[in-house]
Amino acid sequence: MKSLALILLHIFLARIEYSVEAVRDESQGYCSKLVSYTETRSVPYIETYKERTWGIFYKTKYRWNYKIEYHTAWRTEEKCCPLYEKQNDECVPICYPDCGNNGDCISPDVCDCHAGYKKTFYGYDGGPQCVAYCQHSCKNGRCTGPDVCTCNPGYWLKSDGFTCEPICQPTCDRKSEVCTAPDTCSCRDGYNRISYDTCTPVCEATCINGRCTAPDTCTCDEGYSFDLYDRFLCKPVCDTCIGGTCTAPGVCTCDEGYSLSPSGSCKPVCSKSCHMGTCIAPETCMCHEGYGFLNDSTNICEPICPKACINGFCAQPDVCECHEGFEVKGDETSLHVCKPRCDILCEPNGECTAPNVCTCHEGYTLIDKNDGIIYFDYMSVCKPICENECVNGFCLALGQCSCWPGYQRSDKANVCEPICGSLCGLHSTCTAPHECTCDEGYHSTATYYGGMDTCEPICVQECINGFCSAPGECSCDSGYEKFNATEPNICKPICEPSCWSHSSCTALNVCTCDEGSPGVCSCKSGYVESEVNVCKPVCELPCWSYSRCTAPDVCTCDEGYNMVVNQNNSSMCEPICQPACPSNKICDRPGLCICKEGYRSVEDNESTICEPICEFSCNNGTCSSPNTCTCDFGHVNNENGSCTPHCTIDCGHGTCTEPDVCSCDEGYVLSNRSLTCVPYCESNCDNGDCVAPGDCRCHTGFVKNGNDSDSICVNACKDACNEKGDCIDNQGNCSCYFGWSGTTCEVPTVCVVVVLEENEAYETLSIESEPNYWMLLASAANPSCQRCLNEVNNQTICYKFQYDDIGERNDSAICFVETNSMCYATYSPATEVLKVSIAVGGVAVIIMIISIAVACFKFTKQKKTVVIGKSPKVPISRQNLLSEDNTNL
């Protein structure tokens with residue numbers, strides 16, 4: 001109060017000072033006034049002086065000079081107006097308290113809030129403040145910046161940016177619990193808390209041969225399955241139990257007249273063996289499909305053929321077996337007819353009329369093998385009769401010739417010519433199957449090249465330095481030319497450059513001195529005498545492999561090789577392969593491709609291919625490159641490079657034997673839910689966890705009902721706390737739910753009253769937000785307050801419900817009343833809030849300010865009192881005092 005009075009006094013005195021100023025620029029915060037000061041100025045006058053002429057003589061002269069005079073002047077000075085201060089050579093307004101970093105002081109005690117902030121007032125002596133503004137209410141937090149929510153301790157901010165949810169450590173179980181407050185886990189709908197940190201699902205009926213694993217959801221024990229008509233009943237499962245009753249998992253108890261087979265199933269018993277039939281019931285045989293009883297027999301079944309078997313007998317159902325020398329021919333309509341069989345082929349020119357007896361058709365006759373005629377297995381032994389002889393063939397039909405193997409039809413109807421394919425090359429003719437004869441003027445080389453004999457021309461005269469290119473015609477070798485026209489079979493060498501005097505060209509680029517000219521003939525530059533009077537070109541650097549020196553310092557690759565430059569910028573001759581070798585082959589010599597290193601040659605469809613070599617086995621994969629396996633789907637490379645199955649899940653106590661298939665270790669089984677290997681306990685482990693093979697550990701509040709291996713976990717509390725609480729330890733202590741008490745939670749402590757919104761008492765209640773799970777459970781399980789339907793007292797706790805069980809709108813409140821209380825309600829009338837107004841003007845303002853400094857203001861706020869809690873005080877802030885009613889201040 002005192003500080004507020006000082007602020008108002010400060011404002012009043014500032015306004016008085018403002019009135020005595022001569023000039024004021026209030027918009028800029030500057031005030032000005034006239035100030036006197038002493039100013040100097042220069043006044044001119046004529047001054048005489050002497051100037052020496054010569055000797056002792058002077059000359060008088062005149063000149064202008066200036067003197068300083070002083071006088072009083074006036075100027076306007078500016079200073080900051082009251083409620084302004086100097087900052088960085090500017091007058092800025094003063095706001096009290098300071099607007100802070102979230103707003104700007106635009107005029108005395110007037111804050112302009114930044115974007116995202118709004119003006120508010122704090123306390124009795126507080127001024128305007130700029131506080132952050134959030135469009136959404138920060139649930140369980142506070143607004144610390146524009147649309148920035150900071151959660152309260154124990155809460156974290158959701159992705160929506162304004163909702164803070166509680167944090168629970170340790171984390172609540174996702175399946176059965178939900179975090180409702182910091183470090184407070186509550187069970188989800190359909191779950192009951194059995195201990196401080198454990199919620200178990202609730203089933204409306206007991207799971208027989210199974211366990212409750214989710215709300216109203218039973219999971220059958222191993223070896224059991226759901227009953228079709230009762231979801232809470234699990235029946236034992238047997239692989240096959242026809243003729244008996246499955247009394248335990250995999251245990252079948254046979255009915256009378258049935259016996260247990262080694263496989264564990266029940267089979268009917270027949271005293272007489274059922275031949276080609278099955279015992280389907282005690283002393284009852286049923287023939288296999290296609291078999292039937294003959295005469296009055298009841299246990300012997302014989303095959304049945306719907307059609308009579310001609311030349312045979314019924315060996316199997318609808319299958320006729322022929323007599324010796326007969327066989328079935330034709331389509332499915334004649335399978336019952338057995339026809340005579342001939343080892344020799346009678347068709348198509350004859351017919352088998354009896355076993356191994358052919359009768360030829362008209363115009364055909366039996367082949368006489370003694371005539372030297374070739375007999376073919378695929379032809380009929382009945383040959384047709386042709387008037388004209390078939391050359392290189394045989395008579396196929398009347399007047400129609402067919403060629404022998406290795407021959408084909410020619411232009412003449414009865415003449416067949418031999419087939420050689422591509423075997424015969426140029427200048428040769430096919431004279432017999434796969435046999436070539438050279439044309440006239442050519443002879444066979446008797447060598448095999450490219451799959452055929454070659455025929456070369458014949459020259460009577462030997463071709464010197466050349467070769468026979470046509471009958472009686474010579475062609476010169478490379479580097480040679482015809483000697484003259486009269487001797488066309490002689491070729492002379494070519495020397496470039498031409499040979500010097502007294503020498504002759506005796507070989508390619510080799511000059512030899514003429515006879516009788518020794519000492520006169522000498523080798524040219526770049527040549528050397530290798531033999532007597534023989535000059536050969538010289539290459540200073542030795543020629544590379546598969547090349548020769550053909551001119552001074554010129555190397556030429558041999559035929560079939562090509563010169564290339566390798567990575568070291570040196571030349572070499574490499575073989576030429578046409579077409580080019582595939583990527584996994586290299587050209588080893590002219591026209592020959594071999595496999596690269598890391599590949600091997602294999603035969604594939606009569607061709608040779610190169611496949612990569614992997615030193616290790618590529619099981620479950622393919623060797624795609626040397627020592628590299630490309631694994632099949634579901635497999636990965638191991639450290640050795642081979643392929644092994646891959647499981648996307650951790651097998652735990654098991655081994656990945658197939659893609660995403662785990663093979664469990666002994667004592668472990670595959671979990672249907674996680675597909676990992678979990679420990680197996682033979683006994684029922686409901687209300688507990690199987691922590692190791694055969695080791696069942698009970699949950700808190702449960703104990704073993706025995707010491708043998710068949711013992712199970714049972715509730716340690718009497719009557720299971722009547723399902724109104726949790727058994728919290730193994731000593732049988734119950735933790736009762738809200739609204740219940742007693743050793744076994746059998747005594748209700750509250751009763752329930754439902755109050756509708758239109759009820760008169762509804763407005764007098766202190767209604768909380770919607771109840772949690774425990775309140776919902778209590779509202780459904782606790783007794784109703786029959787005597788308190790219309791009124792409640794201060795022992796009441798009420799929670800609001802907006803929807804009923806079927807989802808329809810139904811505003812109501814559920815109130816919990818202690819069972820030993822009286823049912824009455826009180827109502828406190830509202831009091832009025834005193835409004836304070838201040839009249840301001842002239843000297844009265846000063847008096848009022850002094851009064852404020854020593855007086856206290858009483859205030860209240862209009863509010864209904866409720867049965868629980870007290871009315872809060874309403875603070876009088878600076879905004880209340882400087883409201884629109886007090887603008888004269």
Side-chain angles (χ1 to χ4, degrees), residues 178 180 184 186-196 199-206 212 215-216 701 715-728 732-827 866-869:
V178 61
T180 55
T184 301
S186 299
C187 294
R188 297 183 183 273
D189 292 343
Y191 288 84
N192 274 345
R193 184 167 297 281
I194 62 173
S195 65
Y196 174 76
C199 293
T200 58
V202 178
C203 292
E204 64 180 19
T206 303
C212 187
D216 287 334
N715 201 301
C717 294
K718 180 182 179 182
D719 298 330
C721 299
N722 288 301
E723 297 184 357
K724 301 296 190 300
D726 295 325
C727 192
I728 58 176
N733 294 319
C734 291
S735 175
C736 299
Y737 299 153
F738 174 80
W740 298 92
S741 65
T743 305
T744 58
C745 302
E746 75 281 5
V747 180
T749 59
V750 296
C751 58
V752 179
V753 178
V754 179
V755 183
L756 299 179
E757 183 178 15
E758 56 268 17
N759 194 293
E760 183 178 353
Y762 194 91
E763 295 295 332
T764 68
L765 302 179
S766 176
I767 300 177
E768 304 295 335
S769 58
E770 292 187 1
N772 58 22
Y773 172 77
W774 306 111
M775 297 300 179
L776 291 174
L777 181 63
S779 65
N782 276 87
S784 300
C785 301
Q786 299 297 333
R787 298 180 298 123
C788 303
L789 295 180
N790 296 320
E791 50 187 13
V792 293
N793 67 353
N794 59 359
Q795 300 298 322
T796 299
I797 304 176
C798 298
Y799 292 91
K800 187 174 183 179
F801 286 78
Q802 292 183 345
Y803 298 93
D804 57 14
D805 294 338
I806 60 175
E808 294 183 355
R809 185 81 180 190
N810 182 18
D811 289 342
S812 61
I814 289 183
C815 299
F816 299 94
V817 184
E818 293 184 4
T819 54
N820 58 354
S821 65
M822 299 297 293
C823 295
Y824 294 99
T826 60
Y827 178 76
V866 294
V867 291
I868 299 178

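Being a predicted model, the structure only gives us computed values, none of them experimental.
Taking each heavy atom of Gly732 and Cys727 in turn, the nearest pair found is CA-SG, 4.4 Å. Among all heavy-atom pairs drawn from Pro215 and Gly190, the shortest one is CG-O, 3.4 Å. Listed here is the closest heavy atom pair of Cys717 and Asn733: SG-O, 3.5 Å. Heavy atoms only, all atoms of each residue included: Thr180 and Ser186 are closest at OG1-OG, 2.9 Å. Here the closest non-hydrogen pair linking Ser735 and Cys745 is C-SG, 4.3 Å. In terms of heavy-atom proximity, Trp740 sits nearest to Lys724 at CZ2-CE, 3.5 Å.
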Checklist line | Full working for disulfide (SG to SG under 2.5 Å) between Cys721 and Cys734 | finding: CA-CA 6 Å; Cys721 299; Cys734 291; 2.0 Å; yes
Next item on the list: Would you please test Val752 and Phe816 for side chain to side chain contact (heavy atoms under 4.5 Å, CB included) and show each step?
Entry: CA-CA 5 Å; Val752 179; Phe816 299 94; 4.0 Å; yes
Next item on the list: Start with the C-alpha distance between Cys203 and Asp216, add both sets of side-chain angles, then the distance that settles side chain to side chain contact (heavy atoms under 4.5 Å, CB included), and finish with yes or no.
Entry: CA-CA 4 Å; Cys203 292; Asp216 287 334; 4.3 Å; yes
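Taken from OG1 in Thr744 to CG in Asp719, the straight-line distance is 5.5 Å, to the nearest 0.5 Å.
Counting only distance, with no hydrogens or angles, the side chain of Thr749 and the backbone of Gly739 share a donor-acceptor pair below 3.5 Å.
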